Q: 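I have a structure I would like to understand better, so I am pasting it below and will then ask my questions one at a time.
We number each residue from 1, following the sequence as shown. Remember, predicted model here, so these are calculated numbers, not experimental data. Note: hydrogens, waters and symmetry copies are ignored here, and every other heavy atom, side chains too, is used.
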Amino acid sequence: QVQLVESGGGLVQPGGSLRLSCAASGFTLDYYGIGWFRQAPGKEREGVLCISRGGGRTYFADSVKGRFTISRDNGKNTVYLQMNSLKPEDTAVYYCAATRGDYCLRYGSNYNYWGQGTQVTVSS
């Protein structure tokens, strides 16, 4: 069965950090570009960042530049989103997505697989 399984969300105070994981099963993430998206209540889905299969192309939304980073562990078939200096406006459901090929897709169209989402709440 093809799946992306996310974990690591939760409640954190402003200025804190969280590390989200996105683990693939049924396919090999090494052959896919990865995107992270988020959707806050009452707002449209927002592209947070993406990275191409080979890492040669990346995109970071202005709102997260310098605070969020992405990495891969091909041996674990997992991608990570490290979120630092979190702000209340980062509160949202976060989704990972995979697109087959060496692409960094800024928007949500043309992704093959999506995770179930994990809630991140930044509040004091």
Q: Once you round to the nearest 0.5 Å, how far does CD1 of I70 lie from CG of L49?
A: 5.0 Å

Q: Would you confirm whether R72, through its side chain, and L29, through its main-chain N or O, come within 3.5 Å as a donor-acceptor pair?
A: yes

Q: Rounded to the nearest 0.5 Å, what separation is found between the CD atom of Q3 and the CD atom of Q116?
A: 8.5 Å

Q: Check A23 against T78 and note the closest heavy-atom contact, atom names and distance.
A: CB-OG1, 3.6 Å

Q: Find out whether Q39 and Y94 are in side-chain contact, i.e. whether some heavy atom of one side chain is under 4.5 Å from a heavy atom of the other.
A: no

Q: Honestly, is R19 close enough over Y80, meaning NZ or CZ under 6.0 Å from the six-membered ring centre and within 45° of the axis?
A: yes

Q: Less than 4.0 angstrom from a charged side-chain N to a carboxylate O is my criterion; do K65 and D62 meet it?
A: yes

Q: Is there a donor-acceptor pair closer than 3.5 Å between any side-chain N or O of N74 and the backbone N or O of N77?
A: no

Q: Give, for atom CD1 of I51 and atom CG of L81, the distance between the pair rounded to the nearest 0.5 Å.
A: 11.5 Å

Q: Specify the closest pair of heavy atoms between F37 and G47, including all atoms of both residues, with the distance to one decimal.
A: CD2-CA, 3.5 Å

Q: Could you verify whether a donor N or O on one side chain and an acceptor N or O on the other, from N84 and S17, lie under 3.5 Å apart?
A: yes

Q: Find out whether L4 and W114 are in side-chain contact, i.e. whether some heavy atom of one side chain is under 4.5 Å from a heavy atom of the other.
A: no

Q: Would you say the side chain of V12 lies within less than 4.5 Å of the side chain of T121, judging by non-hydrogen atoms?
A: no

Q: Taking atom types as modelled, is there a side-chain donor on T99 or N110 under 3.5 Å from an acceptor on the other?
A: no

Q: Rounded to the nearest 0.5 Å, how far apart are CD of E6 and OH of Y95?
A: 8.5 Å

Q: Let me check something: do Y31 and I34 share a hydrophobic cluster, defined by ILVMFWY side-chain heavy atoms less than 4.5 Å apart, either directly or through other members?
A: yes

Q: Apply side chain to side chain contact (heavy atoms under 4.5 Å, CB included) to residues L105 and C50 and explain how you reach the verdict.
A: CA-CA 6 Å; L105 302 178; C50 63; 5.5 Å; no

Q: Could you please spell out the steps behind the side chain to side chain contact (heavy atoms under 4.5 Å, CB included) verdict for C96 and Y113?
A: CA-CA 8 Å; C96 66; Y113 305 116; over 6 Å; no

Q: For the backbone of R53 and the side chain of D102, can you confirm whether one donor and one acceptor N or O come within less than 3.5 Å of each other?
A: yes

Q: Side chains of D90 and M83: closer than 4.5 Å at any heavy-atom pair?
A: no

Q: With a 3.5 Å distance limit and no angle check, can you tell me whether N112 reaches the backbone of R100 through a side-chain donor-acceptor pair?
A: yes

Q: Does V120 reach the side chain of T91, with side-chain heavy atoms less than 4.5 Å apart?
A: no

Q: Do P14 and V122 have side chains that get closer than 4.5 Å, going by heavy atoms?
A: yes

Q: As an exercise, state the distance from OH of Y111 to OH of Y103, rounded to the nearest 0.5 Å.
A: 12.5 Å

Q: Between R38 and V93 (side chain of the first, backbone of the second, donor and acceptor by atom type, cut-off under 3.5 Å), is there such a pair?
A: no

Q: Measure the shortest side-chain to side-chain distance between Y32 and F27 over non-hydrogen atoms and say whether it is less than 4.5 angstrom.
A: yes

Q: Any side-chain heavy-atom pair from S123 and P88 closer than 4.5 angstrom?
A: no

Q: Quick one: CD on E46 to OG on S63, what's the gap to the nearest 0.5 Å?
A: 4.5 Å

Q: Does a sphere of radius 6.0 Å around OH in Y59 hold more than 12 heavy atoms from other residues, nucleotides or ligands, not counting ones at 6.0 Å or beyond?
A: yes

